[in-house]
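All values below were derived from every heavy atom in this structure, side-chain atoms included, with hydrogens, water molecules and symmetry-related copies excluded. In what follows, every chain begins at residue 1, and chains take the letters A, B, ... in the order their sequences are listed.
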Amino acid sequence: MYKDGKMYDWPYPVNYEAETEVETDVLILGGGIAGCWAAISAAKGGSKVAIVEKAATITSGAGGSGCDHWINTPNPVSKVTAEDCVDWESQNANGYLNNISRYIAAKESYDTLLEMEQMGGKIRDTNDEFAGADFRDEKTKFLFAYDYENKFHFRIWGKNFKSALYKECKKLGVKIYDRTMATSLLTDGGKQGTKVIGATGLNSRTGELFIFKAKATVMSMSRHSRNWAFSSELTGLGQFRPNIVGTGYAMAFRAGAQFTQMERSMPGNLSFGTSYPSYGTGNAMNTWFPCTIVDANGKQIPWTDRDGKELTDFDQRTHPVKGQKLFGERGMAYDYRRPDITPDMQKRVKNGEFALPLYADMTGMPQMERRAIWGLMVGNEGRTPTPIFRTYNEAGFDPDKDMLQSYLMLGGDWLRGATLPHVRIGGEGPGDSGGLVVDWNLKTTLDSLYAAGDSLFAANYHHHAAATGRYAGRKAAAHANQTEQTKPARKQIDNEKARVYAPIERKNGIEWKELNAGLARVMQNYCGNYKNDELLNIGLKWTSDIEKNVASTACASNPHTLMRTLGVLDILTCNQMILHTSLARKASSTYLGFNRLDYPEIDPPAYHKWITIHQEGKRVKTGELSLDFYGDMESNYEAHK
Amino acid sequence: MSEEKIYATPNQPTPARPVIFNAELCTGCNCCVEVCMTDIFIPNPDKGKPPIIIYPEECWYGGVCVEHCPVDGAITLNHPLMQRAHFKRKDSSEHFWV
Ligand SMILES: Cc1cc2nc3c(=O)[nH]c(=O)nc-3n(C[C@H](O)[C@H](O)[C@H](O)COP(=O)(O)OP(=O)(O)OC[C@H]3O[C@@H](n4cnc5c(N)ncnc54)[C@H](O)[C@@H]3O)c2cc1C
Ligand code: SF4
Ligand code: SF4
């Protein structure tokens with residue numbers, strides 16, 4: 001970090017306040033999976049397209065380092081329908097599912113996957129590595145995961161998907177603005193709640209400001225993060241989804257857009273401190289399904305079906321039980337529950353039936369299954385090609401001979417080890433979080449602003465980000481064709497410049513890490529595992545106090561730390577959104593991970609609905625949305641597609 | 001005792017060294033700098049030398065810097081000590097770590 005005891009000079013030319021104007025038809029905010037797909041489909045629809053990406057589009061985002069399962073995809077080899085795909089997830093989520101985006105994804109995911117193949121993504125076992133495997137369709141050479149009978153979750157070689165998308169964007173002439181953090185939405189007349197006409201962006205190397213003018217804008221900057229869990233020493237490692245802080249949410253909220261499900265959270269401090277690299281420990285789910293787990297003496301831990309009945313054959317782990325239509329990639333709902341390690345493991349370890357530690361033992365598994373986990377799944381899944389597959393192989397790990405330890409100590413979770421109940425995850429978690437409310441055009445509540453991928457409420461998964469990005473890009477292009485460019489209001493730009501550059505002007509104020517840690521502590525204390533009105537109101541008070549008295553002193557020393565500082569200010573806004581929605585939900589809910597001490601009733605019918613939130617001026621308005629607001633899926637999809 | 005000058009250095013910001021460069025192999029092409037997901041590096045002011053890690057605590061440990069490096073072995077991803085998983089050889093019962 002230091003050269004001869006001195007700091008290095010900032011290597012890039014710095015030009016704070018300098019403005020560059022860019023005019024485009026369709027503006028994509030966030031060049032991840034959804035953003036790249038939106039850019040590609042808008043460009044194919046004839047639009048001039050620009051991507052604004054905080055990192056480097058070639059590698060950025062949750063899918064930037066890979067993807068191994070492309071799930072929920074009805075296809076010619078399978079009888080599963082789009083309705084089935086939505087139903088298992090909806091039952092799992094106790095109805096809290098974005099049926100609009102899930103249905104669109106299920107309808108278009110197969111075509112999207114075939115397009116991925118045309119761009120150079122490998123989606124078939126063309127080398128016949130797995131010829132004859134139970135999970136392969138011999139004619140198409142497709143490989144499937146989880147439920148081998150129903151063949152609707154694809155196993156794919158997703159390691160290079162992101163670079164293939166990037167190349168396609170380039171080929172289609174999409175203008176890419178990397179290392180540029182979108183900071184605010186521009187609206188008609190600079191007014192909240194009006195049409196979105198572009199955005200501002202800060203280059204995190206040069207500090208210059210970009211003013212993007214667009215006829216239609218797609219929000220694809222993923223979710224919020226670091227609201228409860230923040231590690232100042234292992235900031236990046238501690239986030240499951242990379243590099244996101246909720247800037248997309250904060251800017252759309254300020255512009256007047258409506259959000260829902262912001263109060264959902266779950267325990268999980270993810271990768272720092274007590275846990276291990278994602279997919280890098282012995283387990284039996286997701287990428288590692290259906291791995292054999294053994295105890296310290298090599299005794300197999302039983303697998304059970306949905307009724308808790310022990311499964312005797314390996315094959316039973318990958319087939320629905322008699323009378324079960326299909327099973328999902330994950331799931332609590334009985335109808336679609338997948339086979340799993342026996343749920344009473346902890347008891348059986350305590351009473352001495354099994355000895356710790358446990359191991360994932362692929363050695364005795366069918367060879368195809370072993371190679372599917374080690375090499376295909378671990379090796380293409382995000383954060384695995386180098387961190388796990390290469391690193392572990394180089395350390396001498398051999399799946400034919402070695403067993404990888406599982407850190408399921410008593411308590412904690414399978415994937416990652418111990419967690420603390422009050423250190424929670426919302427947006428960065430593997431499940432569905434809150435996000436933007438959209439209609440069947442994937443248009444938000446603001447005119448000309450579309451959304452796709454994980455920034456949609458109750459959304460998740462790579463195939464979903466790809467298919468909704470592709471759909472939103474199409475819609476945005478069609479809208480842009482019928483719209484004129486609108487000149488941004490100078491006052492709005494000036495206000496944003498004052499906000500963005502203020503931390504550079506200040507001295508001796510708080511820095512971003514301390515601010516993030518302080519905000520997280522408020523959330524842990526007042527919006528933790530147990531909540532009540534008093535706690536939440538105090539949480540809001542402290543957050544607002546920090547905003548007025550502390551965040552207003554935040555300072556930054558170069559364009560990079562300026563980007564981080566602005567990100568923490570966005571976390572502050574997201575915390576306020578979470579606290580307000582939490583106050584409005586006067587009930588507890590298992591699925592939402594929401595425990596109210598003053599309203600302990602779990603999921604009462606009166607609260608089986610979404611709480612929405614938006615801003616009018618500085619006033620926060622909460623409202624409600626029925627869980628079936630999407631209407632009839634088939635006819636709505638047909639009418640809008 | 002070494003005669004090296006002693007400085008009043010601050011502690012490292014993180015209990016980790018996210019990547020390790022092999023200065024003999026690295027050409028200083030800065031490809032890793034350009035693809036890094038969290039922009040933790042700056043190019044080395046001495047051209048041709050390995051990049052400088054300025055923000056090690058921001059590393060996401062996704063490893064795309066290693067994948068995009070044109071020189072095999074010039075950069076290695078290095079999980080911090082408390083992140084190294086353990087494995088056991090089945091027939092010999094020997095224990096290893098990553
Ligand atoms: C390690 C890992 C493995 C996964 N594996 C799978 C899998 O195998 N199958 C599956 O279905 N799902 C998987 N997922 C989930 C899946 O990757 C995500 O659901 C999907 O990538 C979401 O796409 P997105 O475009 O919404 O978000 P992302 O792909 O994360 O893209 C968001 C983009 O926005 C950018 N951004 C953020 N803030 C700003 C800003 N202010 N300005 C400009 N740009 C900004 C980010 O840098 C990023 O590039 C995995 C996730 C992770 C983290
Ligand atoms: S990409 Fe490889 S060779 Fe180039 S600077 Fe980085 S480590 Fe060195
Ligand atoms: S692992 Fe990822 S975040 Fe870390 S240095 Fe490499 S590219 Fe950057």
Side-chain angles (χ1 to χ4, degrees), chain A residues 1-5 8-12 55-56 58-61 64-66 159 178-179 204-205 231-237 239 242-243 271 273 275-277 280-282 298 357 359 361 363 382-387 390-392 394-398 401-405 407 560 563-564, chain B residues 5-16 18 30 33-46 51-69 75-80 82-98:
Chain A
M1 288 251 292
Y2 296 87
K3 194 189 176 214
D4 300 334
Y8 285 94
D9 288 345
W10 188 247
Y12 310 105
I58 189 167
T59 54
S60 68
S65 59
K159 180 167 104 167
D178 278 343
R179 306 289 177 200
S204 64
R205 289 180 169 180
S231 166
S232 65
E233 294 192 340
L234 294 165
T235 312
L237 188 61
Q239 282 191 264
N243 220 10
S271 303
S275 56
Y276 287 91
T281 63
Y359 297 92
D361 181 3
T363 62
R383 235 181 187 180
T384 72
T386 293
R390 181 175 172 155
T391 307
Y392 287 37
E394 284 177 359
F397 176 77
D398 179 350
K401 297 187 188 142
D402 296 323
M403 306 183 298
L404 185 60
Q405 191 173 328
Y407 298 88
H560 181 93
M563 161 183 72
R564 296 289 173 229
Chain B
K5 187 159 174 358
I6 294 173
Y7 293 101
T9 46
N11 287 320
Q12 291 292 334
T14 179
N30 292 322
V33 179
E34 290 317 313
V35 301
C36 177
M37 271 184 173
T38 52
D39 217 5
I40 76 166
F41 310 112
I42 56 169
N44 197 316
D46 288 341
I52 313 292
I53 306 171
I54 294 288
Y55 300 113
E57 76 281 27
E58 293 183 19
C59 176
W60 188 63
Y61 293 84
V64 295
C65 48
V66 177
E67 270 143 59
H68 285 259
C69 171
I75 179 171
T76 312
L77 188 72
N78 183 54
H79 282 125
M82 72 293 186
Q83 286 273 313
R84 310 253 181 104
H86 306 86
F87 59 94
K88 183 176 169 184
R89 188 135 299 166
K90 200 169 182 185
D91 55 6
S92 65
S93 289
E94 277 175 285
H95 289 268
F96 300 91
W97 61 332
V98 175

Is it the side chain or the backbone of A/Pro387 that comes within 4.5 Å of chain B heavy atoms, both, or neither? both
Taken to the nearest 0.5 Å, the spacing of A/Leu234 CG from B/Thr14 OG1 works out to 4.0 Å
Judged by modelled atom types alone, do B/Glu58 and A/Thr235 share a side-chain donor-acceptor pair under 3.5 Å? no
Pairing of A/Asp398 and B/Arg89 as salt bridge, 4.0 angstrom limit: no
More than 12 heavy atoms of other residues, nucleotides or ligands under 6.0 Å from CG of A/Asp9: yes or no? no
Stepwise salt bridge (charged side-chain N to carboxylate O under 4.0 Å, His left out) test for A/Asp361 and B/Lys90: CA-CA 9 Å; A/Asp361 181 3; B/Lys90 200 169 182 185; 2.8 Å; yes
Mind checking the OG1-NE2 spacing from B/Thr38 to A/His560? Nearest 0.5 Å is all I need. 7.0 Å
Please examine the side chains of A/Pro385 and B/Glu67, heavy atoms only from C-beta on, and report whether any two atoms are closer than 4.5 Å. yes
Work out which heavy atom in B/Ala85 is nearest to a heavy atom in A/Leu404; give both atom names and the distance. CB-CD1, 4.2 Å
Please check: side-chain N/O of B/Trp60 versus main-chain N/O of A/Asn243, any donor-acceptor pairing under 3.5 Å? no
Is B/Glu94 close to chain A through its backbone or its side chain, or both, or neither, when contacts mean heavy atoms under 4.5 Å? neither
Got a second to check how far B/Ile52's CD1 is from A/Tyr8's OH, nearest 0.5 Å? 3.5 Å
Check whether any side-chain heavy atom of B/Phe41 sits under 4.5 Å from a side-chain heavy atom of A/Pro11, and report yes or no. no
Sub-3.5 Å donor-acceptor pair from the side chain of A/Ser65 to the main-chain atoms of B/Val64, do we have one? no
So OG1 of B/Thr76 and CZ of A/Arg390: to nearest 0.5 Å the spacing works out to 7.0 Å
Hey, is A/Asp402 close enough to B/Lys88 for a salt bridge, meaning N to O under 4.0 Å? no
When you check the gap from the basic side-chain N to the acidic O, do B/Glu57 and A/Arg564 get nearer than 4.0 Å? no
Test side-chain contact (heavy atoms from CB on, under 4.5 Å) applied to A/Thr59 and B/Met37, step by step: CA-CA 7 Å; A/Thr59 54; B/Met37 271 184 173; 4.3 Å; yes
Portion of B/Pro18 that has a non-hydrogen atom of chain A nearer than 4.5 angstrom: neither
Pick from B/Val35, B/Asn78, B/Val66, B/Leu77 with the largest number of heavy-atom pairs that fall under 4.5 Å of chain A: B/Val35
Which atoms of A/Ser232 are under 4.5 Å from chain B, going by heavy atoms: the side chain, the backbone, both sets, or neither? backbone
How close do A/Trp10 and B/Tyr55 get, heavy atom to heavy atom, and via which atoms? CZ3-OH, 4.1 Å
Tell me which one of B/His79, B/Arg84, B/His86 satisfies side chain to side chain contact (heavy atoms under 4.5 Å, CB included) with A/Tyr276. B/His86
Bottom line for A/Thr363: the part with an atom under 4.5 Å from chain B's heavy atoms is side chain
Contacts of type ring pair (Phe, Tyr, Trp, His ring centres under 6.0 Å), residue B/Trp97, not counting sequence neighbours: none
What is the distance from atom CG of B/Asp39 to atom CZ of A/Arg179, rounded to the nearest 0.5 Å? 4.0 Å
Highest number of heavy-atom pairs under 4.5 Å with chain B among A/Pro242, A/Gly382, A/Gly66, A/Ala55 belongs to A/Pro242
For B/Phe87, what residues pass the ring pair (Phe, Tyr, Trp, His ring centres under 6.0 Å) criterion, not counting sequence neighbours? A/Phe397, B/Phe96
